[in-house]
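Worksheet: the structure to be examined is printed underneath.
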Amino acid sequence: MDNSDKVVITADELKKMIRNNEEDRIDEIDIVTTATCGIMSGTMAVFHIPVADSGTFRKAEKIYLNGIEGHVGPCPNEYLGSVDAVVYGTNYSGEYGGGFLFKDLVSGKEVEVVVESGGKTYEKTLSLEDIPTAKMIGTRLAFKNYVAVTNLSDEPIQTIFHRKRLKKGEASFSGCGEINPLQNMKCDEKELFGKKVLLNGAEGLILGYGTRHSQNKPNIMISADMHNMDAYYLGGFITSAGVEVFNTIAVPIEVNEKNKKYLKTLDEGIELPLTNIIGRVPVGTGRYSEVWKDAELRPKVNVYRCRNCDTCIAEVLCPTKAIKRIPHLGGRRLPNENCFGCGVCVEACPYGIYQMNRNSILGIPITCRQSDKERALKLAKDLKKRIKKGEFKL
């Protein structure tokens, strides 16, 4: 389909039009590019990995990539020296998880592959170029609805919803609100199936509804080739209860009568329930406008406050390992492009190097964000450009 005559705008641009009382202009638009970025636990990679010469071993029994255990099979590849394997994004060893492994592969880094078979160990160093099949499958991605969590007990709670133990009087949340794809469309599996999207910058396909999908909490299953992904959009996220994986997804939404009412939805009209971390007992219902309106997406950094500590607490606690030493600044640490905007560094540094307005929900301050609106906005813009250039065929 020729897209050159299509009027394409991002969801962010559309929401600004609506806030400016230009709602009627929606009829002039053909396509709206929506996006979300956040922790998406239901992520795995399917690999076919050449390990040794044919005949070297009968079939693999165990496989590890940079120490992350994979699951061998189902094809035995008997006496072929290659392995079919699935690696979960939430598998981890120490503070290195599947999300970090996927990012390393997509960024072109070499990884150590170890295979166990017949009491022997076979090792090989490979990059993504050496792996002919590398498909990412998200079994449940881009949830339309999330909840925010808090802790009503006096004891800090270990949880996947925060980098640190969640303390009383703190809150964490997920979801990009009004720009999230499923907030902007009627969720009909027949129309979703086979729809082209971007998963971490690579063209992918929606396979249908995802696991744990429900009418009230819809989500989608997506697959895409890792060889075409951009490492910026994916990675690992360390929590106090293990290592998670994050992805970025962009979906083009056709402006039609079925989708219009969803496209007009603003953060002020999207509920964000607040629940207690123990038992998910409801505390109250906030709105996405509480957590995103005027919130800063990245921390402000005052490097002159840095004491160049031997152990930088912010560096240790950064969920995405984004805070690194800068040699030309005397070894002081600064966040790089892997920053997720989670806000954990703000409390981590005792000298106040990091400042960021993270807002609150129902009066409880947000101390950890598990969705990154900056990445989502960027991928929505990228999808818009690709459509206009004819690089993404609708």
Side-chain angles (χ1 to χ4, degrees), residues 1-38 141-146 175-199 203-204 206 209 215-220 222 248-272 286-295 297 371-394:
M1 181 185 296
D2 182 10
N3 303 320
S4 60
D5 61 341
K6 297 285 185 182
V7 178
V8 185
I9 68 171
T10 66
D12 187 50
E13 291 170 329
L14 174 63
K15 308 306 178 177
K16 287 176 181 176
M17 285 169 49
I18 294 171
R19 288 191 171 90
N20 288 333
N21 298 315
E22 300 175 73
E23 185 175 305
D24 291 344
R25 289 183 59 196
I26 194 170
D27 293 320
E28 303 170 10
I29 301 162
D30 296 298
I31 301 293
V32 176
T33 58
T34 61
T36 189
C37 172
L141 305 182
F143 269 91
K144 177 180 178 180
N145 314 88
Y146 291 89
C176 288
E178 64 186 26
I179 67 170
N180 190 310
L182 298 189
Q183 288 287 355
N184 287 282
M185 63 192 299
K186 181 176 174 58
C187 296
D188 183 334
E189 187 169 33
K190 290 181 180 179
E191 294 187 9
L192 286 170
F193 182 76
K195 185 178 179 65
K196 287 176 56 178
V197 300
L198 294 182
L199 174 57
E203 282 194 22
I206 297 179
Y209 289 150
Q215 186 174 357
N216 293 328
K217 289 186 176 294
N219 70 84
I220 49 180
I222 300 174
T248 313
I249 297 161
V251 180
I253 307 296
E254 182 183 356
V255 179
N256 56 33
E257 292 306 316
K258 287 187 291 186
N259 291 331
K260 271 185 186 179
K261 70 174 183 178
Y262 300 98
L263 287 163
K264 293 177 181 179
T265 303
L266 300 177
D267 277 339
E268 293 83 346
I270 303 174
E271 292 185 350
L272 179 57
R287 303 279 171 171
Y288 268 98
S289 53
E290 293 181 56
V291 296
W292 283 127
K293 185 179 180 181
D294 299 325
L297 302 185
S371 283
D372 182 9
K373 200 168 183 179
E374 183 162 304
R375 276 182 170 81
L377 291 168
K378 188 175 188 301
L379 193 59
K381 289 180 182 177
D382 184 33
L383 178 55
K384 173 185 172 180
K385 290 177 183 177
R386 293 194 203 187
I387 293 172
K388 292 301 292 180
K389 290 181 178 179
E391 298 169 355
F392 184 99
K393 302 295 184 181
L394 296 168

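- Under the side-chain hydrogen bond (donor to acceptor under 3.5 Å, both in side chains) criterion, K195 pairs with no residue at all, not counting sequence neighbours.
- With sequence neighbours left out, E189 forms a salt bridge (Lys or Arg N to Asp or Glu O under 4.0 Å) with no residue at all.
- For Y262, the ring pair (Phe, Tyr, Trp, His ring centres under 6.0 Å) criterion is met by no residue, not counting sequence neighbours.
- Applying the side chain to side chain contact (heavy atoms under 4.5 Å, CB included) test to K381 and every residue at least two apart in sequence or in another chain returns T10.
- Evaluation of the side-chain hydrogen bond (donor to acceptor under 3.5 Å, both in side chains) rule for E268 yields R19 as partners, not counting sequence neighbours.
- For E254, the salt bridge (Lys or Arg N to Asp or Glu O under 4.0 Å) criterion is met by no residue, not counting sequence neighbours.
- In terms of the side-chain hydrogen bond (donor to acceptor under 3.5 Å, both in side chains) criterion, residue partners of K260 (sequence neighbours excluded) are, by chain and number, D27, E257.
- Under the salt bridge (Lys or Arg N to Asp or Glu O under 4.0 Å) criterion, K217 pairs with no residue at all, not counting sequence neighbours.
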**Q.** CA sep, side-chain torsions, deciding dist, call: K15, N184, side chain to side chain contact (heavy atoms under 4.5 Å, CB included)
**A.** CA-CA 11 Å; K15 308 306 178 177; N184 287 282; 2.7 Å; yes
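- Considering only residues two or more places apart in sequence or on other chains, K16 meets the salt bridge (Lys or Arg N to Asp or Glu O under 4.0 Å) condition with D12.
- Ionic pairing of E13 and K384 is present here: one or more N-O contacts between side-chain nitrogen and carboxylate oxygen are shorter than 4.0 angstrom.
- A search for side chain to side chain contact (heavy atoms under 4.5 Å, CB included) contacts involving K293 returns nothing, not counting sequence neighbours.
- Formation of a donor-acceptor pair under 3.5 Å by the D267 side chain with backbone atoms of E178 is found in this model.
- Residues that satisfy the side chain to side chain contact (heavy atoms under 4.5 Å, CB included) test with A250, not counting sequence neighbours, are A35, L198, L379, L383.
- Partners of E374 according to the side-chain hydrogen bond (donor to acceptor under 3.5 Å, both in side chains) rule, which considers only residues two or more places apart in sequence or in another chain, do not exist here.
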